[in-house]
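Step one of this worksheet: look at the structure below.
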Amino acid sequence: MLGPVILAASRSDQMRRFVSAAPGTKQVVGRFIAGETVDQVVPIITDAADKGLEVTLDVVGEDITTPEQAAAARDAYLELVERLKDLGLGARAEMSVKLSMFGQALEGGHELALANVRPVVIAAAQIGTTVTLDAEDHTTLDSMFAIHEELRKDFPQTGCVIQSYLFRTEDDARRLAAAGSRVRIVKGAYKEPAEVAYQDKAEIDKAYVRIMRILMEGDGYPMIGSHDPRLISIAQELARRAGRKLDEYEFQMLYGIRSDEHLRLAAEGHRMRVYTAYGTDWYGYFMRRLAEKPANLLFFARSILTKG
């Protein structure tokens, strides 16, 4: 299995240096990362809006070691909010945040992350959009869910992410599938031990379907994060059985992956949101995209071999 090997490499400084220096890296990274700056990503946001798509924006970066870096991450999102305000795109673009960027892993990290993310949530609400808290590895989830619950007291539209490969997630889904909630379901992209997560793809997919059913039959707003045609079809059927209208759930896919499918779903009247990452600290995000689909790794390897 290549996935676990790639995920292990995502935490290797030596591999980071090798991948960053590889001649073909820039070409492949550009497939998944929309740019390095807000200015570079603005045309992508406006193009998506023109095509009837919505976006969720992720300023990539996870290796936060000081409170100052966490504050800088907060400020990067606040800058993004200002640009969305200037463009009048608050209704079409939300933001996804990883609390590790806001200092969650530092001393006093839970309180620090909450203090840093709250101004972003406030600013987002002021321009008519919202924030979704991304799920990271299982050791961070209790803190993430507690911050999510705290933020929802004043900003009930704040979303969160759950991962089907974790044993705990069906219980989390039942708790979260309440009126006003916004929940994105994904399979999961971190290396997790067998004690807490399914290791077999078929079991992860079965759990994904069970969790989708919980969300579709609940009172919240499900966000289906998948590129799998079979799971997308199942989601549509579960929504139909639950009596949901097309604007009562949405699909989400990654920037650069199955772009034709983005347009097809939008043309059918579905809400289709493109997860769009940008920034200079792209390595961890990029490696998880490789781990999710071995074909991406082969594409990367060919690019290295044919450059320089």
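A single hydrophobic cluster is seen to contain both Phe167 and Tyr208, as judged by linkage of ILVMFWY side chains at heavy-atom distances under 4.5 Å, directly or through other members.
Checking each of Arg210, Lys206, Arg175 against Glu170 for a salt bridge (charged side-chain N to carboxylate O under 4.0 Å, His left out) leaves exactly one that passes, namely Arg210.
For Arg273 against Glu54, the heavy-atom pair with the smallest separation is NH2-OE1, 2.9 Å. When all heavy atoms of Tyr198 and Ala207 are compared, the pair lying nearest together is CE1-CB, 3.8 Å. Here the shortest heavy-atom pairing between Glu94 and Arg184 reads OE2-NH2, 4.0 Å.
One side chain, His270 or Gln236, offers a donor N or O that lies under 3.5 Å from an acceptor on the other. A donor-acceptor pair shorter than 3.5 Å cannot be found between the side chains of Asp228 and Ser226.
The pair Lys153-Glu149 does not meet the salt-bridge criterion, since no charged nitrogen lies less than 4.0 angstrom from a carboxylate oxygen. Under 4.0 Å is where a charged nitrogen must lie from a carboxylate oxygen, and between Arg174 and Asp171 at least one such pair does. Look at Lys187 and Asp205 and you find a salt bridge, because one of the NZ, NE, NH1 or NH2 atoms lies within 4.0 Å of a carboxylate O, short of that distance.
For the pair Val117 and Leu133, the minimum side-chain heavy-atom distance is below 4.5 Å. Side-chain contact between Ile232 and Ile224 is absent, with no heavy-atom pair separated by less than 4.5 Å. Between Cys160 and Met144 there is a side-chain heavy-atom pair separated by less than 4.5 Å.
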Could you list the donor-acceptor pairs under 3.5 angstrom formed by side chains in residues 106-114, with sequence neighbours left out?
from	atom 1	to	atom 2	distance (Å)
His110	ND1	Ser143	OG	2.7

Solution key, residues 78-86 side-chain donor-acceptor pairs under 3.5 Å, sequence neighbours excluded:
from	atom 1	to	atom 2	distance (Å)
Arg83	NH1	Asp39	OD1	2.4

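In this structure, the side chain of Thr158 does not engage the main chain of Arg152 through any donor-acceptor pair within 3.5 Å.
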